Amino acid sequence: MDEGKSTNENPIESKPKNFIYEIIDEDIRTNKLGGRVHTRFPPEPNGYLHIGHAKSICLNYGIAEHYGGKFNLRFDDTNPEKEEQEYVDSIIEDVKWLGANFEDRILYASDYFEQMYNWAVELIKKGKAYVCDLTANEIRATRGTLTEPGIESPYRNRSVEENLNLFERMRKGEFPNGSKTLRAKIDMASPNFNMRDPIMYRIVHAEHHRQGDQWCIYPTYDWAHGLEDSFERITHSICTLEFENHRPLYDWFLDELGIYHPQQIEFARLNLSYTVMSKRRLLQLVKDSYVDGWDDPRMPTISGYRRRGYTPEAVRNFTEIIGVAKRDALTDISLLEFAIREDLNKNAQRAMAILRPLKVIMTNYPDQVEELDAVNNPENPIAGTRKVPFTKELYIERTDFMENPPKGYHRLMPGGEVRLRYAYIIKCEEVIKNSQGEVIELRCTYDPETKSGTGSSKKKVKGTIHWVSAKHAVETEVRLYDRLFSSENPGAEENWLEHINPNSLEIIPSALVEPFLKNAKPGNRFQFERHGYFCVDTKYTTSEKLVFNRTVTLKESWGKTENQK
RNA sequence: UGCCCCGUGGUGUAAUUGGCAACACGUCUGACUCUGGAUCAGAAGAGUUCAGGUUCGAGACCUGACGGGGCAGCCA
């Protein structure tokens, strides 16, 4: 991942990027963890990764890279009922795409099950864990409330021998789901709920996506997570705020076991305006078909953004821009849009595309095809130029003509002039309407003295519009995306699903694009001039028809000022 | 109601660890422009939730209030 301009060569001398870097700087200075830095990204394979995960990945990998340390990808696969191989595969793909380098370290918590089991036995032997026969309801009922302590389980004081025996039989599969748990013996009166004899193992007779039916007891997250980090000798276990209250429990386990102790640091998860960011909700959008899969371009998933045309560079840069802190915040989507525009402006090939065509006939133009030169990317001269065919019959954008334009409109109008990009200045001489009174065609004249690039034009016009030659244009499908939700913070609404934006997808079945685009390949990105950035869809594009996804619009200042008038 | 965390322009983050608020996005001007884009120049916008306290000096430290978030899954 490229390190931005803000960071110096010497990691220890450079100014810390955020409070986590400060902590690590200090740890290195005091040699607290042997001066090592080893981070990890520990997703549960129960859904696709979203932009919030990207923040975590970039943070963790960025730290490893910055300090010359290592970065692990580790699946926290401790719940067979929710996890699937499909999710594992997608996560690996997404992390790689983002550019976080875990080398050969794709690790799985489930590979440590035997070790965890042994550690649990150790705790039982120390008298620090016991098998409890209470049902889920009974456990809930005896946990206490915010102000009252819990009640100790009647099974809390079983002998070590009995616990050992029972725990072994749990593993052997002698008991049905939910009939017994292994609990840590800590403190039912602790003000911290996590310390009220938390559950370490539950009985789940389910097939695990990697372990098959090897196990019928599964470690809970609270028991497993700190052990995983310890086992991998992670130095800094970076996680989100909601695990802050769990830290004392992880510390307790590690200390009772007397094993290597990573340092946990919590940061605020990303919330993005006009979208939801919980896997539970994203899953519902997918399962109930509000969207077309996890990689629907309207989804805030990494695969969704990828399909929409975002680049890994832009996503990384976005995570850099938003920073890292401990206060929860709602990040404005405009920061993400800035990141992708900045990238694509520099790198995207330009093209002309007509989304809503209006026919224009140049009455004084000969029956010929002229090959005009067009710049591929004004931000990058090396990108060169291309030829665009120009004929007397063209299509322009419907919105680039107005019969009765408001003040300040400087595109085409009756009797008005406008420049056709890379071509000539034309004048609208006649407006043709159908029987409904709708404008269906314009008759224009062109001024041969105004050809682009010749410097021969004495005329100046306010507007330049794009166009496409009628007989050369390629018909394609274009998909315009808008925000998926109309509420700024849908997750906070009473019924979040009611705030889905009904117009989040508009399909234009036959847009007309420049001929060179017919060779575009899925994933290729372009700027359609004056519209925005688009990429060739990887899912619906066929050899017959290209489908373009709009990644993001161009900034538009005309509409804004218009609204203020 | 108990415990934990947090509170800086519209948004996201900074502030050399106590020296009197900076950057980015957004917004608004103006210049330039064959993309109403980009670029360039500039502007507005917070006195740091509030009240006390410590100090020559507080956004930073202390106390209390207020506000926001998290925690009562055999989810993670």
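Computation of the quantities below employed the complete heavy-atom set of this structure, encompassing side-chain atoms and omitting hydrogens, waters and symmetry-equivalent molecules. Throughout, a chain's letter reflects where its sequence line sits, starting with A, and its residues are numbered from 1. Because the structure is a prediction, the values reported are computed rather than measured.
- Contact of A:E379 with B:G37 (side chain to base): a donor-acceptor pair of N or O atoms is detected under 3.5 Å.
- Counting non-hydrogen atoms under 4.0 angstrom, A:F243 reaches a base of the nucleic acid.
- Here the separation of B:G45 from B:A38, taken at their C1' atoms, is 26 Å to the nearest Å.
- Within the nucleic acid shown, A:T220 comes within 4.0 Å of sugar-phosphate atoms alone, with no base atom in reach, counting heavy atoms only.
- You'll find the side chain of A:F528 stays beyond 4.5 Å of the side chain of A:Y533, heavy atoms only.
- Listed by first residue number, the stems of RNA chain B with at least three Watson-Crick or G-U pairs below 3.5 Å are B:2-7 with B:66-71, B:10-13 with B:22-25, B:27-31 with B:39-43, B:49-53 with B:61-65.
- Across all strands, A:N192 comes closer than 4.0 Å to no nucleic acid atom at all (heavy-atom distances).
- Nucleic acid contact class of A:S190 (heavy atoms, under 4.0 Å, all strands): none.
- Ring to ring, A:F231 and A:Y112 are close: their centroids are under 6.0 angstrom apart.
- Computed from coordinates, the A:K326 NZ to B:G12 C1' distance equals 18 Å when rounded to whole Å.
- In this structure, A:K460 places its NZ atom 10 Å from C1' of B:C32, rounding to the nearest Å.
- The closest side-chain heavy-atom distance from A:Y218 to A:Y201 is not below 4.5 Å.
- Among the protein residues, A:L272 comes within range of no part of the nucleic acid, since none of its heavy atoms lies under 4.0 Å from any strand.
- Judged by distance alone, the side chain of A:E529 and the main-chain N or O of A:I465 form no donor-acceptor pair under 3.5 Å.
- Taking atom C1' on both B:A44 and B:G10, the two are 12 Å apart, rounded to the nearest angstrom.
- Taking the syn range as angles within 90° of 0, the glycosidic angle of B:G57 is outside it, so the base is anti.
- Here A:W558 packs flat against the base of B:G36; its ring centre is closer than 5.5 angstrom to the base's six-membered ring, tilted by less than 30 degrees.
- Here the two rings, on A:Y424 and A:F390, have centers that are under 6.0 Å apart.
- Under the 6.0 Å cut-off for aromatic ring centres, A:F548 and A:F534 do not qualify, their centroids lying 6.0 Å or more apart.
- If you take atom C1' in B:G53 and the same atom in B:U11, they sit 34 Å apart, rounded to whole Å.
- By the stacking rule of 5.5 Å between ring centres and under 30° between planes, A:H225 does not stack on the base of B:A76.
- Side chains of A:E397 and A:M352 form no contact here, defined as non-hydrogen atoms less than 4.5 Å apart.
- For B:G47, the base adopts the syn conformation, since its glycosidic angle falls within 90 degrees of zero.
- A:F528 comes within 4.0 angstrom of nothing in the nucleic acid, heavy atoms only.
- In B:U54 the O4'-C1'-N dihedral to the base is more than 90° from 0, which defines an anti nucleotide.
- Checked against the 6.0 Å centroid criterion, the rings of A:Y117 and A:F167 qualify as a close aromatic pair.
- Only the C1' atoms considered, B:G57 is 7 Å distant from B:G19, to the nearest whole Å.
- With P as the reference atom, B:G9 and B:U48 are 10 Å apart, rounded to whole Å.
- Comparing B:C75 with B:G70, their C1' atoms sit 16 Å apart, to the nearest whole Å.
- With respect to the salt-bridge test (charged N to carboxylate O, under 4.0 angstrom), the residues A:R40 and A:E232 do not qualify.
- Across the P atoms, B:C23 and B:A43 are found 11 Å apart, a figure rounded to whole Å.
- Separating the C1' atom of B:G68 from that of B:U49 is a span of 11 Å, rounded to the nearest Å.
- Within the 4.0 angstrom heavy-atom criterion, base atoms lie near A:E22.
- Remark: the A:R327 side chain and the B:U8 base include a donor-acceptor N/O pair separated by less than 3.5 Å.
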